[in-house]
Structure formats: C-alpha cells, structure tokens
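For the single chain, residues carry numbers from 1 onward in sequence order.
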Amino acid sequence: MGDTINELTLLLLYLTSWEEDAGFITVCRSWKGYPFESLNELADGGFVSESRGAKSVYLTEEGIEKARELARRFLKENNNTLR
C-alpha cells in the first residue's frame with residue numbers, strides 16, 4: 001500500500017505543479033501539502049528535491065518522467081492533456 005500512496009502522491013505533485021524560472025533553468029515545483037513520510041520517501045528515491053524549511057518541492061527530471069508514466073497508467077482517458 002505504501003508504494004501506491006507514494007506513486008499517487010508523486011502524480012498529484014506533478015498534476016498540481018507549476019514551472020518556475022530558477023535562473024539558468026526552469027524547474028517544476030509543487031506545494032508540500034502531502035504526508036511528510038511520502039515526501040521523504042520520494043526525496044530518498046530521487047523523485048523530488050526538497051528543503052526542510054520550504055513549503056514546496058522541486059520535481060527532478062526522474063520524478064517528472066515517473067509521474068508521466070503514472071499518469072499514463074492511472075489517467076488513461078486524458079493522456080492528451082498531459083505536459
């Protein structure tokens with residue numbers, strides 16, 4: 001069950017994310033309004049990068065790709081609207 005929760009948390013992070021100019025690169029950010037245990041496991045897995053004091057996380061390239069894969073799996077009907 002924990003893996004499914006982490007997958008759905010990553011998918012929700014991606015679906016509610018926004019792009020932000022971070023100087024030399026554009027990053028994908030999302031608010032941390034999800035269970036900290038899942039966020040910590042996603043950070044340990046390299047899917048998000050977070051600062052303990054910040055209210056948002058950055059999705060890594062690996063996290064974005066995994067989220068897109070999860071979207072194809074869980075949201076089959078609306079795949080043409082994904083970034």
Main chain of [Y], side chain of [X]: is a donor-acceptor contact present, judged purely on distance under 3.5 Å?
| X | Y | value |
| --- | --- | --- |
| S30 | L13 | yes |
| K32 | L39 | no |
| T60 | G46 | yes |

Would E50 and N40 satisfy side-chain contact (heavy atoms from CB on, under 4.5 Å), going step by step from the backbone distance to the final call? CA-CA 9 Å; E50 64 176 324; N40 291 339; 3.3 Å; yes

Evaluate the side-chain contact (heavy atoms from CB on, under 4.5 Å) criterion for residues D21 and V27: first the C-alpha distance (whole Å), next the side-chain angles of each, then the deciding distance (0.1 Å), finally the verdict. CA-CA 6 Å; D21 184 8; V27 295; over 6 Å; no

Indicate whether the side chain of N6 and that of S38 have a donor and an acceptor atom separated by less than 3.5 Å.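 There is such a pair between these side chains.
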
Compare all side-chain heavy atoms of [X] with those of [Y] and state whether any distance is below 4.5 angstrom.
| X | Y | value |
| --- | --- | --- |
| E62 | E65 | no |
| L42 | V57 | no |
| F47 | L59 | no |

Between Y34 and W31, which heavy-atom pair has the shortest distance, and what is it?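 In terms of heavy atoms, the two residues are closest at CE1-O, 3.7 Å.
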
If you look at every heavy atom in L11 and A67, which pair is closest and at what distance?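 Reported closest heavy-atom pair: CD1-O, 3.7 Å.
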
I need the E19 CD to C28 SG distance, nearest 0.5 Å. 6.5 Å

Would you give the length of the straight line joining atom CG of L15 to atom CG of L75, rounded to the nearest 0.5 angstrom? 6.0 Å

Looking at E20, I'd like to know if its CD atom is crowded, meaning that more than 12 non-hydrogen atoms belonging to other residues, nucleotides or ligands lie closer than 6.0 Å. yes

Say whether F74 and L10 are linked into one hydrophobic cluster, either directly or through other cluster members, by side-chain heavy-atom distances under 4.5 angstrom.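 Yes, F74 connects to L10 through the hydrophobic network.
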
Assigning hydrophobic clusters by single linkage (Ile, Leu, Val, Met, Phe, Trp, Tyr; side-chain heavy-atom cutoff under 4.5 Å), is Y58 placed with F36? no

Under 4.0 Å between a Lys/Arg side-chain N and an Asp/Glu carboxylate O for E69 and K66? yes

Is it true that R73 and E7 have a side-chain N and a carboxylate O under 4.0 angstrom from each other?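 Salt bridge present between R73 and E7.
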
